[in-house]
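Worksheet: one structure, shown below.
When a residue number appears, it is its place in the shown sequence, counting from 1. Just so we're clear, the structure is a prediction, and the values are computed from it rather than from any experiment.
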Amino acid sequence: MISEPMQDALSEQLNHEFYSAYLYLALSASCSNAEFNGAARWLETQYEEEIQHATKIYRYLIDQGVKVRLAQIDQPPAEFGALLEIFEFSLAHEQSMTARLNDLSDQALGEKDHATYNLLQWFVNEQVEEEATLGEIIAKLRLVKDDGYGLLMIDNELGTRTAAPAPE
Ligand code: FEO
């Protein structure tokens, strides 16, 4: 059984993962409205990944015998800027998630809760990949600036993203 403070902290993270999913869906909708259908697909796949992240925490809490209480999910913004701003916004969001996960890892270590620490390391590693991928996309978008052909190429490339396998 994990401590009550750890239960609360993980429940909060579960909520943040669902918010992330919701946010990526809002970002995807914004791209769809602008006819950036490749970026919209990329972001919708990200939405699906975030649902998987939330579910991974949910299952862990259930396995630990925690009485899960789901909180309300915040409403994401509806208006975003150009494609570059959308991905910069996404990276800033992931950086804030990384900071949360680092704090949670510290908490788990402080409590000598190694099972939770192990769970959290999966997320910490996932954040490295997510931030790197977003950084690459941002670098390409900065390179092409407002060049329509360049943006079209990047949008096409983003549209080739395939669904991620479910985490173990
Ligand atoms: Fe679940 Fe994008 O971190």
Can a donor-acceptor pair be found, under 3.5 Å and without considering hydrogens, that links the side chain of [X] to the backbone of [Y]?
X: Glu85; Y: Ala82; result: yes
X: Gln127; Y: Glu94; result: yes
X: Glu88; Y: Ile138; result: no
X: Asn15; Y: Leu70; result: no

For atom CG of Asn33, is the number of surrounding heavy atoms from other residues, nucleotides or ligands below 6.0 Å larger than 12?
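For Asn33, atom CG is crowded (more than 12 foreign heavy atoms under 6.0 Å).
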
Is the OH atom of Tyr22 crowded by more than 12 outside heavy atoms at less than 6.0 Å?
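No - once you tally the heavy atoms of other residues, nucleotides and ligands closer than 6.0 Å, there are 12 at most.
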
Restricting to non-hydrogen atoms, name the atom on [X] and the atom on [Y] that form the minimum distance, rounded to 0.1 Å.
X: Pro77; Y: Ala26; result: O-CB, 3.7 Å
X: Ala9; Y: Gln107; result: CB-OE1, 3.6 Å
X: Gly150; Y: Asp147; result: N-OD2, 2.7 Å
X: Arg161; Y: Arg41; result: O-NH2, 2.9 Å
X: Ser20; Y: His93; result: OG-NE2, 2.8 Å
X: Cys31; Y: Leu83; result: SG-CD1, 3.8 Å

Knowing that exactly one of Ile57, Asp103, Leu120 qualifies, which makes a side-chain contact (heavy atoms from CB on, under 4.5 Å) with Gln13?
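For Gln13, the side-chain contact (heavy atoms from CB on, under 4.5 Å) test succeeds with only one of Ile57, Asp103, Leu120, which is Ile57.
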
Between Met97 and Val124, is there shared hydrophobic-cluster membership here, with clusters defined by ILVMFWY side-chain heavy atoms closer than 4.5 Å?
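No; tracing contacts between hydrophobic side chains, which count when under 4.5 Å, never links both residues.
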
Under a single-linkage definition using a 4.5 Å side-chain heavy-atom cutoff for Ile, Leu, Val, Met, Phe, Trp and Tyr, are Leu101 and Leu109 assigned to the same hydrophobic cluster?
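Each belongs to a different hydrophobic cluster.
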
Strictly by ring-ring contact (aromatic ring centres under 6.0 Å, His included), give each pair with a member in residues 123-168 just once, sequence neighbours left out.
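Qualifying pairs: His53-Phe123.
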
Among pairs that include at least one residue of residues 24-50, which meet ring-ring contact (aromatic ring centres under 6.0 Å, His included), considering only residues two or more places apart or in two chains?
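Passing the test, one end in residues 24-50: Trp42-Phe87.
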
Is any side-chain heavy atom of [X] less than 4.5 Å from a side-chain heavy atom of [Y]?
X: Gln7; Y: Gln64; value: no
X: Gln121; Y: Tyr117; value: yes
X: Leu43; Y: Ser90; value: yes
X: Leu10; Y: Val66; value: no

Between [atom1] on residue [X] and [atom2] on residue [Y], distance to nearest 0.5 Å:
X: Lys56; Y: Leu119; atom1: NZ; atom2: CG; result: 6.0 Å
X: Asp146; Y: Leu84; atom1: CG; atom2: CG; result: 9.5 Å
X: Met6; Y: Ser11; atom1: CE; atom2: OG; result: 10.0 Å
X: Asn118; Y: Asp113; atom1: CG; atom2: CG; result: 9.5 Å
X: Glu48; Y: Leu25; atom1: CD; atom2: CG; result: 9.5 Å
X: Leu134; Y: Gln46; atom1: CG; atom2: CD; result: 6.5 Å

Checking Glu111 now: which residues fulfil side chain to side chain donor-acceptor pair (under 3.5 Å) with it, not counting sequence neighbours?
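So Glu111 forms a side chain to side chain donor-acceptor pair (under 3.5 Å) with Ser3.
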
Worked check of side chain to side chain contact (heavy atoms under 4.5 Å, CB included) between Thr98 and Val128:
CA-CA 8 Å; Thr98 299; Val128 174; over 6 Å; no

Please evaluate residues Leu23 and Phe80 with respect to the criterion side chain to side chain contact (heavy atoms under 4.5 Å, CB included), reporting the C-alpha separation (whole Å), side-chain torsions for both, the decisive distance (0.1 Å), and the verdict.
CA-CA 11 Å; Leu23 176 63; Phe80 304 95; 4.2 Å; yes

According to salt bridge (Lys or Arg N to Asp or Glu O under 4.0 Å), who are the partners of Arg59, at least two apart in sequence or on a separate chain?
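Arg59 satisfies salt bridge (Lys or Arg N to Asp or Glu O under 4.0 Å) with no residue once adjacent residues are dropped.
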
Partner set under ring-ring contact (aromatic ring centres under 6.0 Å, His included) for Tyr58, not counting sequence neighbours:
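If we apply the ring-ring contact (aromatic ring centres under 6.0 Å, His included) test to Tyr58, skipping adjacent residues, there are no hits.
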
Stepwise side chain to side chain contact (heavy atoms under 4.5 Å, CB included) test for Arg100 and Glu17:
CA-CA 11 Å; Arg100 286 181 193 285; Glu17 296 291 348; over 6 Å; no

Tell me which donor-acceptor pairs under 3.5 Å the side chains of residues 151-159 have, and how far apart each pair is, sequence neighbours excluded?
{"unit_1": "Asp155", "atom_1": "OD1", "unit_2": "Gly38", "atom_2": "N", "d": "3.1"}
{"unit_1": "Asp155", "atom_1": "OD1", "unit_2": "Ala39", "atom_2": "N", "d": "2.7"}
{"unit_1": "Asp155", "atom_1": "OD2", "unit_2": "Asn37", "atom_2": "N", "d": "3.4"}
{"unit_1": "Asp155", "atom_1": "OD2", "unit_2": "Gly38", "atom_2": "N", "d": "3.2"}
{"unit_1": "Glu157", "atom_1": "OE2", "unit_2": "Lys140", "atom_2": "NZ", "d": "2.8"}

